[in-house]
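As structure tokens, the structure follows; a few thoughts come after it.
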Amino acid sequence: MEAKQLQPEEQLYPQHREPQSQSQSHSPAYQALLRAGPQVRPLQQVHAQIIVLRKYRNLALITKLLTLACATGSISYTRRLFLTVPNPDSFLFNSLIKGSSKFSFSNDAIFFYRRMLLANISPSNYTFTSVIKACADLSASRLGRGIHSHVLVCGYGSDSFVQAALVTFYAKTGDLGVARKLFDKMPERTVVAWNSMISAYEQNGFSKEAIGLFYQMREWGIKPDSTTFVSVLSACAQLGAIGLGCWVHDYVISNGFDVNVVLGTSFINMFSRCGNVTKAREVFDLMSEWNVIAWTAMISGYGMHGYGKEAMELFGKMRIHGPRPNNVTFVAVLSACAHAGLIQEGRCAFGSMRKEFGLVPGVEHHVCMVDMFGRAGLLNDAHAFIKELNPRELTPAIWTAMLGACKMHKNFDLGVEVAEHLLAVEPENPGHYVLLSNIYAVTGKMDRVELVRNLMIRRGLKKQVGYSTIEVDQKTYLFSMGDKSHPETNEVYRYLDKLMSRCREAGYVPAPESVMHELEEEEREYALRYHSEKLAIAFGLLKTSSSVAIRIVKNLRMCEDCHSAIKYISIVSNREIIIRDKLRFHHFNDGSCSCLDYW
DNA sequence: CTAGGGTTAG
């Protein structure tokens, strides 16, 4: 073995002397471990020396070796090492469980936890925090709840660290209510407890609740930290709440917070998703450290605004100065190409994934490629691309992208064929019914539309409800079609009617009824006039001064008629209107849209 | 001698 070739004494007693305090508190073997750091080969060498020097009964030494082994990412080495320890103590178990849950070896964390119980060693609050995190990461609901009762039996029910971990666990297993109950009953709520609960809401899509809790936290006089802001900014990004997002930015700057790479990336994401990609770039340029996530966030920001050239320029810089792009980076790059019609660049980037970066393209990348060809009207290229794929790679997502292209470029024969295939393999997805009925409607086959609609009803499926949000004075208002719950509903509808008649005077021609058919009964009453984005725009024009842009976030894609109407609204109201739909941004100004009708 | 909870990109 290695150890025979090495000269252990030399390794363990280096030429230079360590500082006194260090050499007093750490044995030479321990120092050797520290020098080796989290790298498998050096660790194995020190391990061999520990065996040669017969120090393998020193549990402190073995514990450090184990945690370092875990940190290398080699869980198999860690496991083998663990099995050689004759009598592990509680310290060793705690370190091991902590390490494996921290480095996402959740199953192993639970395995070690079980071994700990089998060895008759009582778990402590340290043990529980780690093992609960492992359960959270695995969404191991039953196991986690079992461990929760174990926590209570062992008397750690009111430990604030264990409680924070439990809040996160319940949030990740979908029990938001239980998480909130735990949070409410905490004897002392640390900033971490607040962060856990705010993130719990945000991660489950309850952005408004997350922001509400943030305001409550302020009322309680708890100072937020950068982790708080990461979650709050994520919520802002989801809602398009740029007012609050800017407030956070000012707060962070004026309170001298360090904008680390995580917080910086949150700002980039928030500003991009709230429609201000210039500001996102400013944050990017001011950061002092950039990881692959930060680069990807910025590229993706350009992409969703249709700034393909800027996205590719930044990607070019990343290739020279930045870290290795990963699969997510390529999703951002390829979708930027798709939204900007950069076919050649897209092909080239896709080809480089394997050749230059050793990355295997996945479903998401294939979808981007089909989407890119499809949008550009290159249906043959899209189809050819699909035919090149492995049969097992032909997921519904690929066909959905193809179907979208067929609808966009009015290739009905192929579209119907693809849609029927999709209906067969994913009968539970309402989106497919909607697209198929759209295709029938545009060809005037209204009897088929009715057929699809009835099929959908029989199968108990409901179309996703469209809604739009707008932020006024740092408050977010939500509008959906036909919803009249808003106190100023009548005013909004009246104003919208006036607005639309001015648009018609300016030359706007509404789409024919057949194109605008709706699948659900109640929606048929409200014709195209009342799609949610129009309501939100009307509200925004009523409530804001003429100097600010109207910013809307919509959960679905905009329909063609709204897209055309909003161009006219931007003329007659003389306002910049910025809409983020499900896929990308549309900046309307003076009668034209930044997407150049390419969407 | 050794250890502690929460957060980020499509």
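Only a predicted model underlies this, so the values are computations on that prediction, with no experimental measurement involved. Numbered from 1 within each chain, the chains take letters A, B, ... in sequence-line order.
- A cation-pi contact, defined as under 6.0 Å to the ring centre and within 45° of the axis, links A:Arg189 to A:Phe183.
- Rounded to an integer number of Å, the gap from A:Ile293 CD1 to B:dG10 C1' is 12 Å.
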Chi angles and distances behind the side chain to side chain contact (heavy atoms under 4.5 Å, CB included) call for A:Ser124, A:Tyr156: CA-CA 8 Å; A:Ser124 69; A:Tyr156 293 108; 4.0 Å; yes
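- Listed by first then second residue, pairs satisfying ring-ring contact (aromatic ring centres under 6.0 Å, His included) with a partner in residues 305-329 of chain A read A:His305-A:Tyr307, A:His305-A:Phe585, A:His305-A:His587, A:Phe315-A:Phe330, not counting sequence neighbours.
- Classification of the A:Phe229-A:Phe214 ring pair by plane angle, with boundaries at 30° and 60°, yields perpendicular.
- Atom pair A:Met217:CE and B:dG6:C1' shows a separation of 11 Å (rounding to whole Å applied).
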Worked verdict on A:His249 versus A:Ile253 for side chain to side chain contact (heavy atoms under 4.5 Å, CB included): CA-CA 6 Å; A:His249 193 240; A:Ile253 300 301; 4.2 Å; yes
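- Residue A:Asn326 is classed as a base contact, given a heavy-atom separation below 4.0 Å to a base.
- Distance, A:Leu334 CG to B:dG10 C1': 11 Å, rounded to whole Å.
- Set against B:dT8, B:dT2, B:dG6, the side chain of A:Thr168 has B:dG6 as its closest nucleotide.
- Atom-to-atom, CD of A:Gln203 to P of B:dT7 comes out at 7 Å; the value is rounded to the nearest Å.
- Between the P atom of B:dA9 and the CE atom of A:Met287 lies a distance of 13 Å, rounded to the nearest Å.
- Separating the OH atom of A:Tyr156 from the P atom of B:dG5 is a distance of 16 Å, rounded to the nearest angstrom.
- Listed nucleotides: B:dT2, B:dG6, B:dA9. Nearest to the side chain of A:Asn269: B:dA9.
- On a pure distance criterion of 3.5 Å, no polar donor-acceptor pair joins the side chain of A:Thr296 and the base of B:dG10.
- Closest to the A:Glu202 side chain, of the nucleotides B:dT2, B:dG4, B:dT8, is B:dT8.
- For the pair A:Arg189 and B:dG6, the criterion of a side-chain N or O lying under 4.0 Å from OP1 or OP2 is not met.
- Side-chain N/O atoms of A:Lys98 include one lying less than 4.0 angstrom from OP1 or OP2 on B:dG5.
- Summarising the geometry, the separation between CG on A:Asn327 and P on B:dA9 is reported as 17 Å, rounded to the nearest angstrom.
- A straight line from CD1 of A:Ile198 to P of B:dG6 spans 16 Å, rounded to a whole angstrom.
- When distances are taken from the side chain of A:Lys64 to each of B:dG5, B:dT7, B:dA3, the shortest belongs to B:dA3.
- Judged by distance alone, with hydrogens and angles left aside, A:Thr129 brings no side-chain donor or acceptor close enough to the base of B:dG5 to form a pair under 3.5 Å.
- Stacking annotation: A:Phe91 is stacked on the base of B:dT2 (ring centroids less than 5.5 angstrom apart, interplanar angle below 30 degrees).
- Note on A:Arg281 versus A:Glu310: no salt bridge recorded, every NZ/NE/NH1/NH2 to OD/OE distance being 4.0 Å or above.
- Here the nucleotide nearest the side chain of A:Thr265, chosen from B:dT7, B:dA9, B:dG6, is B:dA9.
- Residue contacts for A:Ala60: at a heavy-atom cut-off of 4.0 Å it reaches a base atom on one of the strands shown.
- Residue A:Thr329 is out of contact with every strand shown, counting any heavy-atom pair closer than 4.0 Å.
- Ranking B:dG6, B:dA9, B:dT7 by closeness to the A:Val230 side chain, first place goes to B:dT7.
- Contacts of A:Asp225 with the nucleic acid, taken as non-hydrogen atoms under 4.0 Å apart, include base atoms.
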